[in-house]
2 protein chains.
Amino acid sequence: MATIYDVARKAGVSPKTVSRVMNGDAPVNTETRKAVESAMGELAYVPSRAARTMRSNKTGLVGLITGAISTTPSSPESSGLPDLLIVQGILHVLTEAGITLLISDTGGDPAKVADLTRTFAQHRVEALIYVADYHRKVDLPAIARAETLILVNCFDDAGTPCVLPDDRRGQHALVARLIAAGHRRIGFLTLPEDLVAQGLRLQGYRDALAEAGLAYDPDLVAVAGLHNSGPREVTLIGDAIARMMALDEAPTVLCCGNDRMALQVYGILRSRGVAVPGDISVAGFDDYKLISETLYPPLTTAVLPYQAMGEKAAHMLLERLRANAPAEKENGPLPLISGPVVWRQSVTERNPSAQTG
Amino acid sequence: MATIYDVARKAGVSPKTVSRVMNGDAPVNTETRKAVESAMGELAYVPSRAARTMRSNKTGLVGLITGAISTTPSSPESSGLPDLLIVQGILHVLTEAGITLLISDTGGDPAKVADLTRTFAQHRVEALIYVADYHRKVDLPAIARAETLILVNCFDDAGTPCVLPDDRRGQHALVARLIAAGHRRIGFLTLPEDLVAQGLRLQGYRDALAEAGLAYDPDLVAVAGLHNSGPREVTLIGDAIARMMALDEAPTVLCCGNDRMALQVYGILRSRGVAVPGDISVAGFDDYKLISETLYPPLTTAVLPYQAMGEKAAHMLLERLRANAPAEKENGPLPLISGPVVWRQSVTERNPSAQTG
DNA sequence: CGGTGTCATGACATCGGTGTCATAGCATTG
DNA sequence: CAATGCTATGACACCGATGTCATGACACCG
């Protein structure tokens, strides 16, 4: 591979002049520039980042870790998707900014974090991003010390900067929209109770009810999600639905903890001869398009903006890099990213005047 | 950040000796070694890859590009998932091998490939991987010249090494298994005709029929998939099903082009009062667990082993790197990766003696 | 006891860029 | 015309590792 010396010799100038042509940091005579540029072209010269890094201490690299990072055991709600979508969002923004992403995966083994971090350190990454596969608290090994570090889809006790989904607001918006559509009895089949998202979404649900002056009825709320699909979850959901449908005032719509659960609810309801949305409406959460757009009828759901979270994290990172502010512990409000409600045909409009929202 | 000189000074030795301790490439006195190691520990020394790269010309970096690479327009069957799963597979293997992956995304713009490739070249990546989001032919810009390059989920005319899914074998295995279960009239709702996978899977379908001595009946095959979900696809699939069900000898099972289509088929069948699998069986393709495990009843399907394809590609890469054989055009048989059939409750066993397979 | 081999270590050059400083050439200015 | 300033360029050192070679201290052997 050609070096700056080869180019310099071919163009009949000094290496430093070639450097100046590349970086434009000092005036170069037009003819000299042309000579250098054609020499670079002929030799297919590509400057070496390694050499450049040696002096400038700027690598243009950022490290990203997905998979297990916490030292606490984790409950894998993991479909493996969210973290990948977040990574895509980060990738777009950073690529645009000329930053190259080093990506590693713990493969589920938290013990590997130390190794990966060291590898990143060897490459002198300018910052680290950790992406969790579902909204949760993490317990960071104290390795990623002084470095700029940003957490996505997770948070810790130390106040490390993070980007989180606004589960509460999302559920609130969805339920408010259901109410606007004329629904008053809103069943809620929640995620497992140990998930952070579950508590927040329940709050959002209650917020929306309170805002509309509706009473909170515990009979309409049931923990019905498990961490994985399977016959046990089908039973759990089925029982919850049966209980709710048997109420004096049965729900007119079922909010599900996520789209995956909604998919199960479709099957369960239909196998019992209950039509969606003819007999009862169904709503999800996440907007996994693979499910929400494909279900028949298509699913009304709240967007969990994974891609946007990734983009937000990338922007925060760029800002910090420019400001040269490493790992500033923020005590301001956390950046909570919320997504819109997507209205599809799985929910009936009981109140034709409520087409807004 | 501490350098090898700092460590050497602290330990009272020469930098070269520190280097020897790190690399173990020459004998070092035990006491000297201990002194050096404790100096490294105290200074939290991490060697610089950049400096190391300067002499050795080994970077331990591999570049990966996803998104549009081809200069030909593409039809986006893309749910965005496959490429991500493939990347995960690659990531696991390469991380294990101590190689760090530089990942970029064209964001759908083929024009960016040149930029990305140049960035990778600056980092002196030792190889390039391109990952497509669905099985297709690509038309590579002639940039990634001499370098070791591997294509995943796609192929080109130039004979660049690639890893592809064995669509034909997968469909063959699935249909053979259906036949073993006693099914004789097997409907096939295929993917759009312009997809490479469609032709291969249709061949697999015919292979299995021929092998069992069953006649191929064109009435049982319909192109019913579009590139995206939506009312048009629902209509297409619905019409195809109606036509097949009205045949003198209606199918007892419907094979769908992929799991997403199967999900639609579930909805369409049930909205017409047709029970799955009571009245008719359904099979998919891909084994997107999010769908196949969650559908009610769970979906019988053929695994499209994206993760395994990624792993295979990574292994091929490692082998080439070790052999130092850049971009050898292979003319041997292509590595086609096939996955198993996953048998779930969406297909009835009509022949109780056929529990094998 | 001198020659030879092994062990342990250091001096020095080098990889490919860039920062610093010097300098030659020419124009401008008082 | 001498002093000053700007343009364009090069010489040289340096970033932090490692490859090459030299060397001093022993041990072993005949």
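Residue numbers start from 1 in every chain, and the chains themselves are labelled A, B, ... in the order their sequence lines are given, proteins ahead of strands. The model shown is predicted, which means the values in this text are computed figures rather than measured ones.
Atoms CG and OH, on D133(B) and Y306(B) in that order, are 9.0 Å from each other to the nearest 0.5 Å. Separating the CG atom in L318(A) from the CD atom in E96(A) is a distance of 10.5 Å, to the nearest 0.5 Å. F120(A) contributes atom CZ, which lies 8.0 Å from atom CD1 of I103(A) (distance to the nearest 0.5 angstrom).
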>> Using salt bridge (Lys or Arg N to Asp or Glu O under 4.0 Å), reason through K112(A) and D105(A) one step at a time and then give a plain yes or no.
In response: CA-CA 9 Å; K112(A) 283 189 187 159; D105(A) 192 313; over 6 Å; no
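Here dG19(C) presents its P atom at 12 Å from NZ of K58(A), a figure rounded to the nearest Å. Rounded to whole angstrom, the span from the CZ atom of R33(A) across to the C1' atom of dA8(D) amounts to 11 Å. Between the C1' atom of dG17(C) and the NE2 atom of H123(B) lies a distance of 15 Å, rounded to the nearest Å. Rounded to whole angstrom, the span from the CZ atom of R52(A) across to the P atom of dC15(C) amounts to 19 Å. D6(B) places its CG atom 13 Å from the C1' atom of dA17(D), with the value rounded to the nearest Å. The separation between M54(B) atom CE and dT18(C) atom P is 11 Å, rounded to whole Å. Distance R9(A) CZ to dT9(D) C1': 19 Å, rounded to the nearest Å. We find that CZ of R49(B) is positioned 17 Å from C1' of dC15(C), with the value rounded to whole Å.
In this structure, dC26(C) forms a base pair with dG5(D), meeting either the Watson-Crick or the G-U wobble geometry with both donor-acceptor distances under 3.5 Å. The partner of dC7(C), taking Watson-Crick or G-U wobble pairs whose two distances both stay under 3.5 Å, is dG24(D). Pairing for dC29(D) goes to dG2(C), judged as Watson-Crick or G-U wobble with the two contacts each under 3.5 Å.
For the residue pair A2(A) and Y45(A), the shortest heavy atom distance occurs at O-CD1, 3.5 Å.
T32(A) comes within 4.0 angstrom of sugar-phosphate atoms only, judged by non-hydrogen atoms across all strands, and of no base. As judged by a 4.0 angstrom heavy-atom cut-off over every strand, N57(A) is placed among residues making no nucleic acid contact. Here R20(A) lies in heavy-atom contact (under 4.0 Å) with a base.
Considering only the side chain of I4(A), dG17(C) comes nearest among dT9(D), dT18(D), dG17(C). When distances are taken from the side chain of M22(A) to each of dT18(C), dG19(C), dA17(D), the shortest belongs to dT18(C).
Between S14(B) and dG10(C) there is a side-chain polar atom (N or O) within less than 4.0 angstrom of OP1 or OP2. The phosphate of dG10(C) has OP1 or OP2 within less than 4.0 Å of a side-chain N or O from T17(B). Contact between the side-chain N/O atoms of R55(B) and the OP1/OP2 oxygens of dG19(D) is not found at any separation under 4.0 Å. Between dT18(D) and N23(B), a contact under 4.0 Å exists linking OP1 or OP2 to a side-chain N or O.
You won't find any donor-acceptor pair under 3.5 Å spanning the side chain of K16(A) and the base of dG17(C), going by distance alone.
Each of P15(B) and Y45(A) was assigned the nucleotide of DNA chain C with the nearest heavy atom; the assignment lying further toward the 5' end belongs to P15(B). Residue V28(B) is the one, among V28(B) and V18(A), whose nearest nucleotide of DNA chain C lies closer to the 5' end (criterion: closest heavy atom). For Y5(A) and S19(B), each mapped to the nucleotide of DNA chain D holding its nearest heavy atom, the one lying further toward the 5' end belongs to Y5(A).
In this structure a side-chain-to-backbone donor-acceptor pair under 3.5 Å is present from E126(B) to G60(B).
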